[in-house]
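Order of listing sets the numbers, starting from 1, for every ligand and every atom in it. In this chain, numbering begins with 1 at the start of the sequence shown. Fair warning: this is a prediction, and the values are worked out from it, not measured in the lab.
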Amino acid sequence: MQLRYRIGGLLPLVLGLALWTGCQRKAAPTTPAPVQTASVPVCHADSLLAFVRAQTDFGPRIPNSNAQKACADWLRSCLEACGTQVSVQEFESLRWDKVRLKGYNIIASFFPEKTNRLLLCAHWDSRPYADQDSDPKAAQTPIDGANDGASGVAVLLEVARILQQNTPRVGVDIVLFDLEDSGKPSDRPHAQGDEYAWCLGSQYWSEHLAYGNRPMFGILLDMVGTENPCFVMEATSMYYAPDIMRKVWEKAALAGYGNIFQSRASGALIDDHLFVNKLANIPTIDIIHYDNRTGSGFFPHWHTRNDNMDHISASTLKIVGDVVLSVVFGE
Ligand code: AHN
Ligand code: ZN
C-alpha cells in the first residue's frame with residue numbers, strides 16, 4: 001500500500017520530466033541564439049589611483065601657475081602616449097573679478113575617421129580657494145582637487161590607455177577642460193550672471209567647436225572618486241539628455257551598481273555639461289557626486305583643503321570607469 005502510493009506519486013513526476021526535456025530538445029533549433037555582447041574591457045584600480053596621484057603631485061592646478069603649465073604638458077604627453085592625436089586649445093578668459101586667466105583645454109581624438117562618436121569630458125583644474133573649509137583662514141588657499149578635478153581626469157586617462165589596446169565601434173573624443181573651478185568665492189555677494197564665471201574652458205570649447213564628426217552624445221565626469229559615492233539623476237542632465245542618463249544608469253544597474261547610480265532626481269547644477277549642451281548642442285550628462293540630503297550637496301570635503309589623496313577610493317574610480325567603458329563598448 002505504502003509502496004504503490006510512492007510509485008503513484010513518482011510516476012507523474014518522471015513522465016513530466018520526460019515531456020519537459022523533450023520539449024526543450026524540440027524547441028532548441030527555433031530558439032534564437034543569445035545576443036552576442038561584445039566583450040567589454042575593464043579599468044585597473046592601481047592605474048586609476050596613480051593617475052590621480054600624478055595630478056595632485058603637481059600641486060594645485062590653478063590658473064596662471066607653474067603647476068598649471070606643467071600639468072597641461074603632462075596630460076598632453078600622457079594622452080599622446082596612448083597613440084592618438086592630441087591638441088591643446090590655448091585661450092584666455094576673464095575671471096569673476098576681471099583678472100585675465102590663461103587656459104588650456106586638452107583634446108584627444110580616438111579613431112578620428114569614425115563618424116559615430118562619443119564625447120567624454122572632465123575638468124582638470126583645481127579650485128584656487130578653499131572657500132568651504134571649516135577654517136575661514138583657508139579661504140584663500142588653493143586646493144589639491146583630488147576628487148574635484150583629478151578623479152574624472154584619471155578615469156578618462158585610464159579609458160584612453162584602454163582605447164589604445166581595444167577598438168570600440170564608435171570614435172571617442174576625450175576633452176579635458178581647464179578653468180572650471182574659478183567661480184566667485186562663496187563669501188562674495190551673489191550677482192546675476194555669476195554662473196558664467198564657472199566652466200570657462202567648456203564655454204570656450206563649446207563656442208569654438210569646429211564642424212567635423214560631432215559626437216552623438218557626451219558624458220561629463222566630476223567628483224567621481226571618493227568613498228561612499230552617490231550619483232543621482234541631476235536635473236540639467238535630465239533636461240538636455242534624459243535618454244543618455246537612462247542609458248548610462250541602466251548599464252550601471254546591470255553591472256550591480258544601482259545603489260550608487262541612484263534613480264533619485266536632484267536639482268539643476270551648473271557644470272561643464274550645461275555649456276556643452278547649451279552652446280555646443282551635444283546632449284551631455286554629468287556623472288557627479290551629489291547627495292541633496294546633506295550640507296552642500298557635494299562630497300564632504302568639497303572645496304576644502306581635505307579634498308586630497310587621503311579621501312580617494314580606487315574602487316569608486318573603477319566602478320565609474322567600468323560603467324563608462326560599458327557605454328563606450330556597447331555603442
Ligand atoms: C557650482 O558650485 C556653481 N557648481 C558646481 C560645479 C562644480 C564645482 N564642479 C566642481 N566644482
Ligand atoms: Zn569645484
* Does atom CG of Asn66 have more than 12 heavy-atom neighbours, drawn from other residues, nucleotides or ligands, at distances under 6.0 Å? -> no
* **atom 6 (C) of ligand 1: nearest protein contact (heavy atom, Å)** => Ile270 O, 3.1 Å
* What protein atoms of element N, O or S are positioned under 2.8 Å from the Zn ion (ligand 2)? -> Asp148 OD2, Asp181 OD1, Asp181 OD2, His303 NE2
* Please find out if less than 6.0 Å separates the ring center of Tyr196 from that of Phe275. => yes
* Asked: So which protein heavy atom does atom 9 (N) of ligand 1 come closest to, and at what separation?
  -> Asp222 OD2, 2.7 Å
* Which bit of Glu195 is near ligand 1, meaning a heavy atom under 4.0 Å away: side chain, backbone, both or neither? -> neither
* Could you tell me the residue and atom name of the protein heavy atom closest to atom 2 (O) of ligand 1, and the distance to it rounded to 0.1 Å? => Trp302 CZ2, 3.7 Å
* Asked: Are Tyr290 and Val248 connected in the hydrophobic side-chain network, where two residues link if heavy atoms are under 4.5 Å apart?
  -> no
* Flag Trp198 as yes when one of its N or O atoms lies below 3.5 Å from any N or O atom of ligand 1, and as no otherwise. => no
* Asked: Any nitrogen or oxygen of Ile288, main chain or side chain, under 3.5 Å from a nitrogen or oxygen of ligand 1?
  -> no
* **Atom CG of Asp310: over 12 foreign heavy atoms under 6.0 Å** => yes
* If you count the non-hydrogen atoms of other residues, nucleotides and ligands that lie under 6.0 Å from CD in Glu227, is the total more than 12? -> yes
* Asked: Would Val276 and Ile244 show up in the same hydrophobic cluster when neighbours are defined by side-chain heavy atoms closer than 4.5 Å?
  -> no
* Structure fact -> So the atoms of ligand 1 within less than 4.0 Å of a heavy atom of Glu180 turn out to be 6 (C), 7 (C), 8 (C), 9 (N), 10 (C), 11 (N)
* To do: Answer yes if Val328 and Leu221 sit in the same cluster of Ile, Leu, Val, Met, Phe, Trp and Tyr residues linked by side chain heavy atoms under 4.5 Å apart, and no otherwise.
  => yes
* To do: Taking atom CD of Gln85 as the centre, report whether more than 12 heavy atoms of other residues, nucleotides or ligands fall under 6.0 Å from it.
  => no
* Should Asp148 be listed as contacting ligand 1, given a heavy-atom distance under 4.0 Å as the test? -> yes
* **Note, Phe177 side chain near Cys199 side chain (heavy atom, < 4.5 Å)** => no
* **NZ or CZ of Lys278 within 45° of Tyr240 ring axis and under 6.0 Å** => no
* Asked: Are Trp124 and Ile107 connected in the hydrophobic side-chain network, where two residues link if heavy atoms are under 4.5 Å apart?
  -> no
* **Under 4.0 Å to a heavy atom of Asp181 - the qualifying atoms of ligand 1, by number** => 8 (C), 10 (C), 11 (N)
* Asked: Which one holds for Arg127 and ligand 1: side chain close, backbone close, both close, or neither close, with close meaning a heavy atom under 4.0 Å?
  -> neither
* Asked: When only distance counts, is His123 in polar contact with ligand 1, meaning an N/O pair under 3.5 Å?
  -> no
